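Just below is one structure, and these are the notes that go with it.
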Amino acid sequence: MSANLSAILYLVSGVLFILALRGLSSPETSRQGNLFGIIGMLIAVTVTFLSVGNFSSGFIYVLIFLAIGGSIGAFIAYRIPMTAMPELVAGFHSLVGLAAVFVAISAFINPAAFNLGTPGNIKLASLIEMAIGAAVGAITFSGSVIAFLKLQGIMSGAPITFKGQHLLNALLLILIVILTIYLCSTQSSNLFWILIAVSFLIGFLIIIPIGGADMPVVISMLNSYSGWAAAGIGFTLENTALIITGALVGSSGAILSYIMCKGMNRSFFNVILGGFGATEQTSESQNKEQRPVKSGNADDAAFLMKNASSVIIVPGYGMAVAQAQHALREMVDTLKKNDIKVSYAIHPVAGRMPGHMNVLLAEANVPYDEVFELEEINNDFANADVAFVIGANDVTNPVAKTDPQSPIYGMPVLDVEKCKSVLFVKRSLSPGYAGIDNDLFYKENTLMLFADAKKMTEDITKNL
Amino acid sequence: MEIDPFIFRLSIFILSIFVGYYVVWSVTPSLHTPLMSVTNAISSVIIVGAIIAALSGSEGVVFSLSSIYGFLAIILAAVNIFGGFLVTQRMLAMYKKKKKDK
């Protein structure tokens, strides 16, 4: 296959990838978009086989390894529960990162196969691209592994911080730059290995200080990194499909991180430097005397809802933990039978990854046109009778609007307190992730339902 | 003077960043999770590099030091491609509109 033809076909697959993302602008077009993505991938892989043109025994092995990986992937895709989606995505990111590292290593050992020169005499530009691809890939890999372990609960979600952490990270970053420069002048393979090792280390160090609820930012950021790593390799291989895809994925992840940071009213650096609340634990929250709380049971909750004409449901990470989405949907079905209008309000950072709650609700057969984003629904709280907060906490805290001293001041929150009454399902009065008390607990019109989210929802359904 | 082909690739790269920027802003927030899984799947197009690496062995030698890394990368990327696209499809199939009242 001529080089020009394959370049054009790679471009076609790049365009198909753009269309795949474009399809996600609405659920109706999204399935078609996914199909475009699959076709784009098929084209890219086929063109590669044809342009390498080596159909010897090696080709059979390629197919075998492809089948092994493919069946593992397919198996995981069908078996994974929707609540585990954040872990899955983090795990997948780590694979992209590691694949980038492997390709870079292979290109470094055998540059002739990629038309990049001979070992010890690799073209300067290729070497720089290779080093960037390998370093970013390695950071993506180790960072994603830590994110995966934290999300999976194997590793504590609490931020791990130590003295001099930021200084160490800064020094390591500088070291990576120096290593890259030396690598280019000496072409030494030892330096290449050290570069990769240091990159692995820094990916690990960057993610350990970041706490559980900041995971949406971390996952989006790693998503972005995996794109930049692919783009770096794309430059090395002079492959348009990879360059386009890398740029798409890189900017996609960056935008998602931006949206997530904005949802928490924090700067990107604030999140990355880690330890939310750990340093700014104000004495104020500890000095507060015990305030009275109204608590109720499923019966009270059912009574309130039965007499309401509109209910807004505010789901959060706790719903995912308790796997309460199906029970919730059943409760809503019963409410709807009683002619009560129900809608769902989703905060941008609810859950552990962007769009986490939407997927869970979709899994429980909640139609997506009943689910609203913060800006769409926030004005409706004032007219609603009951807000049912299930597993969310900080994103409903009115303190973010009233108390400039609070660490979450300025964060956009759902105006839950404007509802006539608020039902708050929670296991205990403990503060949320930000480590601050939620004023909503103590409001006149709030009824606390202390129980497991799933059990409480089921009980309410029985009482309706 | 001839233009270095690198400049062309750089142009494609920069323009793609802008395309990505505008396309991703138009993605509806409720589909952000599928967006992540599909970007994950398409970034596995890195398998292109893995295949070239795996087939880089000289005559009659399938497994050389450099091709082994290629084969490993093929497995990783393949997990991602199949896993990513299939899980995205599975998620997207769940997004349904309100049923019309019967």
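Below, chain A is the first sequence line, B the second, and so on; all start at residue 1. Values in this document were obtained by computation on a predicted structure and should not be read as measured data.
Residue with the most contacts toward chain B among E370(A), M82(A), R22(A): M82(A) (heavy-atom pairs, distance under 4.5 Å). Note: I38(A) leads V52(A), V366(A), I38(A) in heavy-atom pairs under 4.5 Å with chain B. Residue with the most contacts toward chain B among L98(A), V96(A), I72(A), I76(A): V96(A) (heavy-atom pairs, distance under 4.5 Å). Of all the listed residues (S26(B), P5(B), S44(B), A54(B)), the one sharing the greatest number of non-hydrogen pairs under 4.5 Å with chain A is S26(B). Between chain B and the options P348(A), P27(A), A230(A), A20(A), the largest number of non-hydrogen pairs under 4.5 Å is found for P27(A). Considering only heavy-atom pairs separated by less than 4.5 Å from chain A, the leading option among L35(B), I47(B), I12(B) is L35(B). No other option in A99(A), P86(A), G70(A) has as many heavy-atom pairs under 4.5 Å with chain B as G70(A). Each of F65(A), F17(A), F372(A) has some count of heavy-atom pairs under 4.5 Å with chain B, and the biggest count is that of F65(A).
In this structure, CG on L21(A) lies 11.5 Å from CG on L31(B), to the nearest 0.5 angstrom. In this structure, the separation between CG on L237(A) and CD1 on I46(B) is 7.5 Å, given to the nearest 0.5 Å. Interatomic distance, CD1 of I68(B) versus CZ of F102(A), reported as 11.0 Å (0.5 Å rounding). Between the NE2 atom in H32(B) and the CE atom in M260(A) there is a gap of 6.5 Å [rounded to 0.5 Å]. Remark: L65(B) CG to N110(A) CG distance equals 9.0 Å, nearest 0.5 Å. Taken to the nearest 0.5 Å, the CG atom of L24(A) stands 6.5 Å off from the CG atom of L92(B).
For Y10(A), the part lying near chain B is the side chain, with the backbone staying farther off; criterion is any non-hydrogen pair under 4.5 Å. For A44(A), the parts lying under 4.5 angstrom from a heavy atom of chain B are both the backbone and the side chain. Both the backbone and the side chain of V45(B) come within less than 4.5 Å of a heavy atom of chain A. Only the side chain of I233(A) comes within contact range of chain B, judged by heavy atoms closer than 4.5 Å. Residue contact with chain B, scored on non-hydrogen atoms closer than 4.5 Å, involves the backbone and the side chain of V62(A) alike. Proximity to chain B is limited to the side chain of I259(A), based on heavy atoms less than 4.5 angstrom apart. Within the 4.5 angstrom heavy-atom criterion, only side-chain atoms of F63(B), from C-beta onward, approach chain A. Looking at S26(A), the atoms closer than 4.5 Å to chain B (heavy atoms on both sides) all sit in the backbone: N, CA, C or O. Using a 4.5 Å cut-off between heavy atoms, Y344(A) does not touch chain B at all. Within the 4.5 angstrom heavy-atom criterion, atoms from both the backbone and the side chain of A100(A) approach chain B. Using a 4.5 Å cut-off between heavy atoms, S220(A) touches chain B through backbone and side chain atoms alike. Contacts between L10(B) and chain A at a heavy-atom distance below 4.5 Å involve backbone atoms as well as side-chain atoms. Within the 4.5 angstrom heavy-atom criterion, only side-chain atoms of L256(A), from C-beta onward, approach chain B.
Side-chain contact between P29(B) and N358(A) is absent, with no heavy atoms from C-beta onward closer than 4.5 Å. Between M91(B) and M85(A), the closest side-chain pair of non-hydrogen atoms falls below 4.5 Å. For the pair S25(A)/V27(B), no side-chain contact is recorded, criterion being any heavy-atom separation below 4.5 Å from C-beta on. Counting heavy atoms from C-beta outward, E129(A) and F6(B) have side chains that approach closer than 4.5 Å. Contact check for P34(B) versus V359(A): side-chain heavy atoms found under the 4.5 Å cut-off. With a 4.5 Å cut-off on side-chain heavy atoms, S30(B) and E373(A) count as touching.
Classified by interplanar angle (parallel below 30°, tilted 30° to 60°, perpendicular above 60°), the ring pair F235(A)/F13(B) is perpendicular.
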Atom pairs and distances, donor-acceptor, side-chain atoms in residues 241-255 of chain A, under 3.5 Å, two or more places apart:
{"from": "T245(A)", "atom 1": "OG1", "to": "A241(A)", "atom 2": "O", "distance (Å)": "2.5"}
{"from": "S251(A)", "atom 1": "OG", "to": "A247(A)", "atom 2": "O", "distance (Å)": "3.0"}
{"from": "S251(A)", "atom 1": "OG", "to": "L248(A)", "atom 2": "O", "distance (Å)": "3.2"}

Atom pairs and distances, donor-acceptor, side-chain atoms in residues 70-88 of chain B, under 3.5 Å, two or more places apart:
{"from": "N80(B)", "atom 1": "OD1", "to": "N40(B)", "atom 2": "ND2", "distance (Å)": "2.8"}
{"from": "N80(B)", "atom 1": "ND2", "to": "F92(A)", "atom 2": "O", "distance (Å)": "3.0"}
{"from": "T88(B)", "atom 1": "OG1", "to": "S37(B)", "atom 2": "OG", "distance (Å)": "2.9"}
{"from": "T88(B)", "atom 1": "OG1", "to": "G84(B)", "atom 2": "O", "distance (Å)": "2.5"}

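When every heavy atom of M94(B) is checked against every heavy atom of E363(A), the shortest pair comes out as SD-CA, 3.5 Å. K97(B) approaches D369(A) most closely through the heavy-atom pair CG-OD2, 3.5 Å.
A donor-acceptor pair is defined here as one N or O able to donate and one able to accept, closer than 3.5 Å; such a pair exists between the side chain of T33(B) and the backbone of P354(A). Under the 3.5 Å distance criterion, the side-chain polar atoms of R90(B) are matched with a main-chain donor or acceptor of I80(A). Not one N or O on the side chain of S66(B) forms a donor-acceptor pair closer than 3.5 Å with the backbone of S106(A). No side-chain donor-acceptor contact under 3.5 Å links R9(B) to the backbone of E238(A). With hydrogens and angles ignored, the 3.5 Å screen pairs no side-chain donor or acceptor of R31(A) with any backbone N or O of Q89(B).
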Inset, instruction - Evaluate the side chain to side chain contact (heavy atoms under 4.5 Å, CB included) criterion for residues V101(A) and Y69(B): first the C-alpha distance (whole Å), next the side-chain angles of each, then the deciding distance (0.1 Å), finally the verdict. - result: CA-CA 9 Å; V101(A) 174; Y69(B) 282 109; over 6 Å; no

Legend entry - Worked check of side chain to side chain donor-acceptor pair (under 3.5 Å) between T39(B) and N223(A): CA-CA 8 Å; T39(B) 50; N223(A) 187 236; 3.1 Å; yes

Legend entry - Steps toward side chain to side chain contact (heavy atoms under 4.5 Å, CB included) verdict (V48(B), V45(A)): CA-CA 6 Å; V48(B) 165; V45(A) 171; 5.5 Å; no

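A 6.0 Å sphere centred on CD1 of I7(B) holds more than 12 heavy atoms belonging to other residues, nucleotides or ligands. At most 12 non-hydrogen atoms from other residues, nucleotides or ligands lie less than 6.0 angstrom from OH of Y21(B).
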